[in-house]
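Beneath this line is the structure, given in structure tokens, with notes to follow.
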Amino acid sequence: MKVDSPKDKPSSLRTHVLWLYEGVGVWPRRFRYAVLTFDLVTIVFFVAMTFWTDALPIYLLDAAIGLILAADIGARGWIARSKQRYFLQPTTIADIVVVISLFTAVLFENLAFLRVLRALRLLRSHHIARDLRRRYHFFRNHEDVIASVLNLVVFIFVISAIVYVVQARTNPLIANYIDALYYTVATLTTTGFGDVTLIGNGGRLLSILVMVFGVGLFLRLVQTIFRPQKVVYPCPDCGLNRHDPDAVHCKHCGRMVNIETEGA
């Protein structure tokens, strides 16, 4: 949806906020890039905190980040066309859980581990794809591959977060987020060195779920990177430029297309 600039015409505060989040122009683009940068910085901060001992300055910084995230959630909910749908989205629920964990870390220390769910917010950052597509030729030509790589990274990050949340403070082999990441990658790639394992019934159950469901999803995401579901080939007649890799005819107009393939 194109949202014009509210400059030089009467508008409400909600219109200005909507313009920043979804509008077209220099300032909305800079604002969205700033939000994306903040997301990345907070994710790095949350991961780094798993190596440090909790202290008052960390709690204060958590609270400051929590206020910013709460303001962002409120602003997005305010401009949402369907507030019920917005607040039921998995990414919104994850953000709310993160905010709660940041404000209750002092009283409920285990909840602080849930802050790594912030990784899910990267999926929402796809709203800047429109800006990147319009400004960068490289992104337009490799958008599918970039999206697949992003999905793969977020998938590994979230699985590692779940492993860390379940095993931290109970498993001496999972002392920080890197240990959880190491176990996750070793399991998803079916390498299985065996030097890091999950303990307890909950840990064994999680291992089963990662091996049964995680490995399949991991391989599927890797496949989309090296063998995309669609190939770019403009049809000379109708202009349809996305086809199945083994397509012989254009699905839109029926014209025969000559898509280069590697063969069977």
Side-chain angles (χ1 to χ4, degrees), residues 1-6 15 18-37 39-40 76 79-82 84-86 88-92 94 119-159 185 188-190 213-264:
M1 174 182 178
K2 182 177 179 180
V3 181
D4 297 328
S5 170
T15 303
L18 180 63
W19 175 63
L20 286 176
Y21 277 97
E22 302 182 8
V24 177
V26 176
W27 286 107
R29 183 171 60 249
R30 290 177 179 176
F31 174 78
R32 289 190 287 265
Y33 287 165
V35 172
L36 177 60
T37 302
D39 287 346
L40 297 175
R76 292 177 184 274
I79 64 175
R81 288 145 183 85
S82 174
Q84 180 179 3
R85 180 179 178 183
Y86 167 75
L88 290 178
Q89 290 178 349
T91 51
T92 304
L120 290 175
R121 185 178 175 81
L122 276 178
L123 293 176
R124 183 190 298 171
S125 298
H126 287 172
H127 69 274
I128 70 170
R130 177 188 61 190
D131 301 327
L132 296 175
R133 191 183 303 112
R134 183 170 57 247
R135 291 175 60 84
Y136 300 105
H137 181 72
F138 177 84
F139 185 85
R140 288 197 301 271
N141 291 340
H142 302 87
E143 183 177 357
D144 291 341
V145 174
I146 293 174
S148 297
V149 171
L150 178 60
N151 289 333
L152 177 62
V153 171
V154 172
F155 173 74
I156 295 175
F157 194 101
V158 172
I159 296 298
V185 174
L188 293 178
T189 57
T190 67
F213 298 103
V215 173
L217 292 174
F218 173 78
L219 294 177
R220 180 59 178 168
L221 289 172
V222 172
Q223 183 184 30
T224 61
I225 295 176
F226 297 100
R227 188 179 293 273
Q229 295 181 343
K230 299 289 184 178
V231 296
V232 177
Y233 181 88
C235 175
D237 288 346
C238 68
L240 183 68
N241 63 359
R242 292 173 64 84
H243 306 271
D244 294 331
D246 59 348
V248 178
H249 297 86
C250 175
K251 288 185 176 181
H252 186 265
C253 67
R255 176 191 173 97
M256 181 175 292
V257 292
N258 184 23
I259 301 176
E260 295 183 2
T261 65
E262 299 175 356

Apply ring pair (Phe, Tyr, Trp, His ring centres under 6.0 Å) to Phe31 and list each qualifying residue two or more places apart in sequence or on a separate chain. Tyr21
Nearest heavy atoms of Cys253 and Cys238, plus distance in Å: SG-SG, 3.7 Å
Once you round to the nearest 0.5 Å, how far does CD1 of Ile156 lie from CG of Leu217? 12.0 Å
Could you tell me the separation between the OG atom of Ser82 and the CD atom of Gln89, rounded to the nearest 0.5 Å? 9.0 Å
Evaluate Arg81 against Leu18 for side chain to side chain contact (heavy atoms under 4.5 Å, CB included), listing each step before the verdict. CA-CA 11 Å; Arg81 288 145 183 85; Leu18 180 63; 4.1 Å; yes
Distance col, row Glu22:CD vs Ile79:CD1, nearest 0.5 angstrom, shows 5.0 Å
As an exercise, state the distance from CD1 of Ile159 to CZ of Phe213, rounded to the nearest 0.5 Å. 11.5 Å
Report the distance from atom CG of Leu20 to atom OG1 of Thr15, rounding to the nearest 0.5 Å. 11.0 Å
Heavy-atom pair with the smallest gap, counting every atom of Leu152 and Val222: CD2-CG2, 4.1 Å
Looking only at heavy atoms, the pair that brings Val215 and Leu188 closest together is N-CD2, 3.8 Å
If you compare all heavy atoms of Gly214 against all heavy atoms of Phe155, which two are closest, and at what distance to 0.1 Å? O-CZ, 3.7 Å
When you measure from the side chain of Thr37 to the backbone N and O of Tyr33, does any donor-acceptor pair fall under 3.5 Å? yes
Looking at Arg32 and Gly23, what are the two nearest heavy atoms and their distance? NH2-O, 2.9 Å
Looking at residues at least two apart in the chain, or sitting in another chain, which of them share a side-chain contact (heavy atoms from CB on, under 4.5 Å) with His249? Met256
